[in-house]
Amino acid sequence: MKRVEDFNEFLDNTVNINQSRLNDLNDHVAAVTTHLSRNLDSFEKVERQGSYALRTIIKPKENKEYDADILLFMKYQKGKKPAEYINDAYNCLRQHGTYKNMVHRKTRCVMVDYAGDFHLDIVPCVEINGQRYVCNNKTNQFEITDGTGYRDWFNGKTQITNGNLKGATRLLKYMRDHKGNFTAPSILLTTLIGMSVQDNEGDAKFKTVPDTLKTVCNRINAFLQANPNQPEIRNPVLPQETFTRHWDQNKYRNFRDKFKIYNDQVNDAFDEADPQKSVQKWQKLFGEDFSKSKSKSNGASGTAAMAAATVTPRKPYAR
């Protein structure tokens, strides 16, 4: 059974990042941006990046941190080395009393660590001859990027699914984190999810979040099973960038095997006609927090099937 309302409640109460956390994140980003704009001579603007831009951040597991990324656009200066842009951002933040002991230089970013809750990755970016580049602190080289193009690509896929693709993405990220028995970087998993939606198809298979979850899982699984050897998963808007660079054949094989198991469970739970059994099968995938009250209730009234009406996506995470 689809259990549309159960999925919406599960997303709202268990999977989605807390609104209070999101508010705090936005406030911290605004404060960092204000400091950089006033004190960094080469500052141009900042943009959300990654899951923060796509609105697919999920609530971290208990006692775990989450991360958010922003692009820091800086004025390009001919002859200036990539590592120098990272150093400039780092030194600027170090000048602020609040951030002085919170900042760390990483390979492509300056990390501000809000200990115990989240860390903010600030990624310096420059534009050279109309193309954007991030800076690699270790190799001291510019690396081509197009985070804005990727965001637009994924949002286009989301529109085809009535906004439900973002809910399905968060569910699969949640399953990955809580199963803990396979690895798939968020950008790679998100790309596989987006690739499963065809540009010219209608919304018949994406009426609700569970419809979308089933369609996406079935298509990803078909792709994985057709490729026993690790394929290259490339950035759809920047083909020279490969997202499988952090995988190897063993990691890919494990992901492929585990995904088939969970895809079979999605189909089984979706097709289960008995209300109580359907709850139990979805809980096998997502844990007891899914429809918790219904799994503990007795009688038909506690497990009545939820209507499978199309649900209007909810802000801020629907679009």
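This one's a predicted model, so the numbers in the text were calculated from it and none came from an experiment. Nothing fancy with the numbering, it's 1 onward along the sequence.
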Exercise for review: Find out if a path of hydrophobic residues (ILVMFWY) with successive side-chain heavy-atom gaps under 4.5 Å connects Ile261 to Met175.
Suggested key: yes
Point to revise | salt bridge (Lys or Arg N to Asp or Glu O under 4.0 Å) against Arg219, all qualifying residues, sequence neighbours excluded | key: Glu201
Review point. Is there a donor-acceptor contact under 3.5 Å from the side chain of Ser278 to the main chain of Pro275?
Key: yes
Practice item. Consider only side-chain heavy atoms of I, L, V, M, F, W and Y, link residues closer than 4.5 Å, and tell whether Ile128 and Leu72 are in one cluster. Key: yes
Review point. Is it the case that Arg132 and Thr145 place a side-chain donor and acceptor less than 3.5 Å from each other?
Key: no
Check your understanding: When rounded to the nearest 0.5 angstrom, what is the spacing between CD in Gln280 and OG in Ser291?
Key -> 10.5 Å
**Study point:** Joint cluster assignment, Ile122 & Phe73, ILVMFWY side-chain distance < 4.5 Å
**Key:** no
Check your understanding: Are the side chain of Ser196 and the backbone of Ile193 linked by a donor-acceptor contact shorter than 3.5 Å?
Key -> yes
Check your understanding: In Å and rounded to the nearest 0.5 Å, what is the CG to NE2 distance from Leu93 to His104?
Key -> 11.5 Å
Review point. Do Gln249 and Asn229 touch side chain to side chain, with heavy atoms closer than 4.5 Å?
Key: yes
Review point. Hey, mind stepping through His35 and Cys92 against side-chain contact (heavy atoms from CB on, under 4.5 Å) and telling me if it holds?
Key: CA-CA 8 Å; His35 175 71; Cys92 181; 3.8 Å; yes
Review point. Of all residues at least two apart in sequence or in a different chain, which pass the side-chain hydrogen bond (donor to acceptor under 3.5 Å, both in side chains) check with Arg253?
Key: Asn250
Check your understanding: Under 4.5 Å between any side-chain heavy atoms of Gln225 and Arg256, yes or no?
Key -> yes
Review point. Ser186 and Arg176: side-chain donor and acceptor closer than 3.5 Å?
Key: yes
Check your understanding: Got a second to check how far Asp146's CG is from Gln240's CD, nearest 0.5 Å?
Key -> 9.5 Å
Practice item. Might you point out which heavy atoms bring Gly202 and Ile160 nearest each other, and give the distance in Å? Key: O-CG2, 4.1 Å
Review point. Any chance NZ of Lys258 has more than 12 other-residue heavy atoms, nucleotides or ligands included, within less than 6.0 Å?
Key: yes
Review point. When you measure from the side chain of His96 to the backbone N and O of Leu36, does any donor-acceptor pair fall under 3.5 Å?
Key: no
Point to revise | Residue pair His178, Phe286: steps toward the ring-ring contact (aromatic ring centres under 6.0 Å, His included) verdict | key: CA-CA 8 Å; His178 285 260; Phe286 295 113; 9.8 Å; no
**Study point:** Nearest-0.5 Å distance that lies between atom CZ in Arg48 and atom CZ in Arg55
**Key:** 5.0 Å
Revision key, fill the gap. Residues at least two apart in sequence or cross-chain that pass side-chain hydrogen bond (donor to acceptor under 3.5 Å, both in side chains) with Thr191, listed by chain then number, are Tyr150
Check your understanding: For the hydrophobic clusters of this structure (ILVMFWY residues joined by side-chain heavy atoms under 4.5 Å, transitively), does one cluster hold both Phe43 and Val134?
Key -> no
Practice item. Rounded to the nearest 0.5 Å, what's the gap from CG on Asp211 to CG on Asn164? Could you check? Key: 8.0 Å
Exercise for review: Given side-chain contact (heavy atoms from CB on, under 4.5 Å), test Asn8 with Asp6 step by step and report yes or no.
Suggested key: CA-CA 5 Å; Asn8 289 331; Asp6 287 339; over 6 Å; no
Check your understanding: Are any side-chain N or O atoms of Asn235 and backbone N or O atoms of Gly147, one a donor and one an acceptor, separated by less than 3.5 Å?
Key -> no
Review point. Can you list the steps and then say if Val197 with Phe206 is a side-chain contact (heavy atoms from CB on, under 4.5 Å)?
Key: CA-CA 10 Å; Val197 180; Phe206 308 102; 4.1 Å; yes
**Study point:** Thr158 and Asn155 side chains, donor-acceptor separation under 3.5 Å
**Key:** no
**Study point:** Sidechain-backbone polar pair: Arg245 side chain, Thr242 backbone, donor-acceptor under 3.5 Å
**Key:** yes
**Study point:** Pair Asp274 + Lys277: basic N to acidic O under 4.0 Å
**Key:** no
Exercise for review: Would you kindly say whether Arg105 and Asn91 are connected by a side-chain donor-acceptor distance under 3.5 Å?
Suggested key: no
**Study point:** Parallel, tilted or perpendicular, as decided by the 30° and 60° cut-offs, for the rings of Phe290 and Trp282
**Key:** tilted
Point to revise | Counterpart residues, salt bridge (Lys or Arg N to Asp or Glu O under 4.0 Å), relative to Asp268 (two or more places apart) | key: Lys281
**Study point:** Asn137 side chain reached by Lys106 side chain, heavy atoms, under 4.5 Å
**Key:** no
Review point. Should Glu84 and Cys135 count as side-chain neighbours, where that means a heavy-atom distance under 4.5 Å?
Key: no
Point to revise | Side-chain heavy atoms of Ile57 within contact of Leu25, under 4.5 Å | key: yes
Review point. Do the side chains of Val266 and Leu285 get nearer than 4.5 Å, heavy atoms only?
Key: yes
Practice item. Please check if any side-chain donor atom of Asn267 sits under 3.5 Å from a side-chain acceptor atom of Asn218, or the reverse. Key: yes
Point to revise | Nearest heavy atoms of Thr208 and Lys2, plus distance in Å | key: OG1-CD, 4.3 Å
Review point. What ring pair (Phe, Tyr, Trp, His ring centres under 6.0 Å) pairs are there with at least one residue in residues 256-277, not counting sequence neighbours?
Key: Phe255-Phe259
Point to revise | Residues, nucleotides or ligands: over 12 heavy atoms within 6.0 Å of Asp248 CG | key: yes
**Study point:** Salt bridge flag under 4.0 Å for residues Lys173 and Asp177
**Key:** no
Point to revise | Salt-bridge criterion met for Lys45 and Glu47 (N-O under 4.0 Å) | key: yes
**Study point:** Donor-acceptor under 3.5 Å (Lys284 side chain, Gln265 main chain)
**Key:** no
Exercise for review: Name all pairs fulfilling the side chain to side chain donor-acceptor pair (under 3.5 Å) condition that reach into residues 66-82, sequence neighbours left out, sorted by first residue then second.
Suggested key: Lys80-Asp88
Practice item. Please step through ring-ring contact (aromatic ring centres under 6.0 Å, His included) for the pair Tyr114 and His119, ending with a clear verdict. Key: CA-CA 5 Å; Tyr114 298 86; His119 58 267; 9.6 Å; no
Review point. Can you tell me how far CZ of Arg3 sits from CD of Glu9, rounded to the nearest 0.5 angstrom?
Key: 10.0 Å
Check your understanding: Hey, does Arg234 have a side-chain heavy atom less than 4.5 Å from the side chain of Phe243?
Key -> no
Exercise for review: Assess the side chains of Asn136 and Glu143: does a donor N or O sit below 3.5 Å from an acceptor N or O?
Suggested key: yes
Practice item. Answer with yes or no whether the hydrophobic clustering places Val103 together with Leu71; edges join I, L, V, M, F, W, Y residues whose side-chain heavy atoms lie under 4.5 Å apart. Key: no
Check your understanding: So with a 6.0 Å cut-off around NZ of Lys179, is the heavy-atom count from everything else above 12?
Key -> yes
Check your understanding: In terms of side-chain heavy atoms, does Tyr52 have a donor or acceptor partner in Asp121 at a distance below 3.5 Å?
Key -> no
Review point. Among side-chain atoms of Asn23 and Gln19, is any donor-acceptor pair under 3.5 angstrom?
Key: yes
**Study point:** Among Arg170, Lys59, Arg21, side chain to side chain donor-acceptor pair (under 3.5 Å) partner for Asn16
**Key:** Arg170
Review point. Does a side-chain heavy-atom distance below 4.5 Å link Tyr174 with Thr14?
Key: yes
Exercise for review: Test Val4 against Val209 for side-chain contact (heavy atoms from CB on, under 4.5 Å), laying out the working first.
Suggested key: CA-CA 7 Å; Val4 175; Val209 168; over 6 Å; no
